[in-house]
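Naming: A, B, ... by sequence-line order, numbering from 1 per chain.
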Protein chains: 2
Amino acid sequence: MTFLKAEQPQLFKDHAYKEIKKGIIQHKVEPGSMLNERSLSEILGISRTPLKLALQQLEVEGWIQSVPRKGIFVKTINRQDVDDVFQLRKANEVLVIELLIPLLDNETIEKIEKVDKQLSDIKKEPLKFVYHDSSFHLFLAELSQNLRLYQLIQNLTDHFNWYGFAALKAGISLDEVYYEHKLIIEGLKARNIHQTTNAVLNHIDNTYSTILESLKE
Amino acid sequence: MTFLKAEQPQLFKDHAYKEIKKGIIQHKVEPGSMLNERSLSEILGISRTPLKLALQQLEVEGWIQSVPRKGIFVKTINRQDVDDVFQLRKANEVLVIELLIPLLDNETIEKIEKVDKQLSDIKKEPLKFVYHDSSFHLFLAELSQNLRLYQLIQNLTDHFNWYGFAALKAGISLDEVYYEHKLIIEGLKARNIHQTTNAVLNHIDNTYSTILESLKE
DNA sequence: TTATGGTATGTGGTATACCAGATACCAATT
DNA sequence: AATTGGTATCTGGTATACCACATACCATAA
């Protein structure tokens, strides 16, 4: 009877994890602000036990910091952290390309173009757009066939989105981003690691610059 | 009164995390075997609540997999995982070198040599040796001034130690490893990124080969 | 007025009781 | 003998009560 799709039950801890993380990325809670376990459990309608598991994961992944018997604090955003994530992202997105290109076939490239096309269709909505920009990068990471690398890229792009959320809400140069994606796809089509890597690095550099500008304010 | 060193209380979850992780790396629990929360809490002398937090962290970091209402299982070791970690380690240890070299001064290089010297003094004991091999890599990562990168390298070297534990217990070509470290240090002294990077990649390649051989058995 | 210290309150940490899903076993039925 | 289905038991998931530490506040005393 396995054809009856076995939808797994959403665990409370997973639900809490997603909700809190979303709230942080979208700056619904300020960086540096305190999270109260009892309040959060009430808001989410769950007890403290599964909530604690969600918070544990968020801490391991670098979103919050727990200070025993004092409180749980959303990490602050500073130049050092942005730079750290930036460096990691560059190195590991380059790795994605290096792993991906030898695996490429025409069918895969078509899929990549399709994903990017969906992106362009909604570029009028900055908030949705950013998720699809990340989706593009995540899709490439997924195709690299390295699960750990995928999870790492996920975490890094999520942090980039957090750092640059102000710029994204204000509206960003979406056409440029779309053009940069096109350059990446061209590199992939040519199966040229050097060309593609340059396109990716340039794309990340530009996102980084945008973030730094929005942080100055 | 801050001169009275404020030793922070070891939280139960941290203690449990370290103990369980050590047990996994040293193959005191077999890959694939099941961990029982109630048994573990008895063995560690703590309740299930802090234990769950430790398990949550171990799962996020890739050591175990929790299947709701079925059990918690130590991850199995397979070629794909080893390769994934191998690829990530290469890319990110190269990043360490790229970040580190512009930061080097003579004092720092002396420290690095000192750490490596301590390593050579105990090369007769394989089990201790491996921790100091990792310490060497971790020390370089720490000097790169990127906290996230440091934590990533920590996780990756720990997994390498887990994968290759059989080979390490059997006794490994310690002289070779020591020689390879010397090459890395020479590269650092020359402030030569290309030279150092090659030495690091060669070192990781050799460790990888050793792991693969021990996995065949 | 200022310093002190006790107390009330708020925090996360911990232990535990209970719940529901998953599983294994065994008896009843065919 | 093979199949069914119910039950006992094992699992992690959840809720909750209580604890110890940290802190803010306020009364008290110098």
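One can place CG of A:Leu11 at 14 Å from C1' of C:dC19, the figure rounded to the nearest angstrom. Remark: C1' of C:dT11 and CG of A:Leu51 are 14 Å apart, rounded to the nearest angstrom. Rounded to whole Å, atom P of C:dG21 lies 11 Å from atom CZ of A:Phe12. When the P atom of C:dT14 is taken as reference, atom NE2 of B:His15 falls 12 Å away, rounded to whole Å. When the P atom of D:dG12 is taken as reference, atom CD of A:Gln10 falls 20 Å away, rounded to whole Å. Nucleotide C:dG13 holds its P atom 8 Å from the CG atom of B:Leu53, rounded to whole Å. B:Gln56 places its CD atom 18 Å from the C1' atom of C:dT14, with the value rounded to the nearest Å. Between A:Asp14 atom CG and D:dG12 atom C1' the separation is 13 Å, expressed in whole Å.
Put simply, B:Ser47 has a side-chain N or O that comes within less than 4.0 Å of OP1 or OP2 on C:dA15. Here B:Lys70 reaches the OP1 or OP2 of C:dT23: one of its side-chain N or O atoms lies under 4.0 Å away. One finds a side-chain N or O of B:Lys52 lying less than 4.0 angstrom from the OP1 or OP2 phosphate oxygen of D:dG13.
At a threshold of 4.0 angstrom between heavy atoms, the contacts of B:Ile72 are confined to the sugar-phosphate backbone, with no base atom among them.
Side-chain proximity of A:Thr49 to D:dT23, D:dA15, D:dG12: nearest is D:dA15. Counting only heavy atoms from C-beta on, B:Arg69 has its side chain closest to C:dG21 among C:dG21, D:dT14, C:dG13.
Ring geometry for A:His181 versus A:His203: interplanar angle over 60°, hence perpendicular rather than tilted (30 to 60°).
The side-chain hydrogen bond (donor to acceptor under 3.5 Å, both in side chains) test applied to B:Asn155 returns A:Arg148, B:His159, not counting sequence neighbours.
One finds no salt bridge joining A:Lys216 and A:Glu213 here, because no Lys/Arg side-chain nitrogen approaches an Asp/Glu carboxylate oxygen to under 4.0 Å. Salt-bridge check for B:Lys21 with B:Asp158: passed, with a basic side-chain N closer than 4.0 Å to an acidic carboxylate O. Residues A:Lys18 and A:Asp14 are not paired through a salt bridge, judged by the lack of any N-O separation under 4.0 Å between the basic side chain and the carboxylate.
Residues from residues 30-46 of chain B that place a heavy atom under 4.0 Å from any atom of DNA chain C, listed by number: B:Arg38, B:Ile46.
Distance CG/A:Leu53 to CD/B:Gln57: 12.0 Å, rounded to 0.5 Å. Between the OG atom in A:Ser144 and the CG atom in A:Leu95 there is a gap of 7.0 Å [rounded to 0.5 Å].
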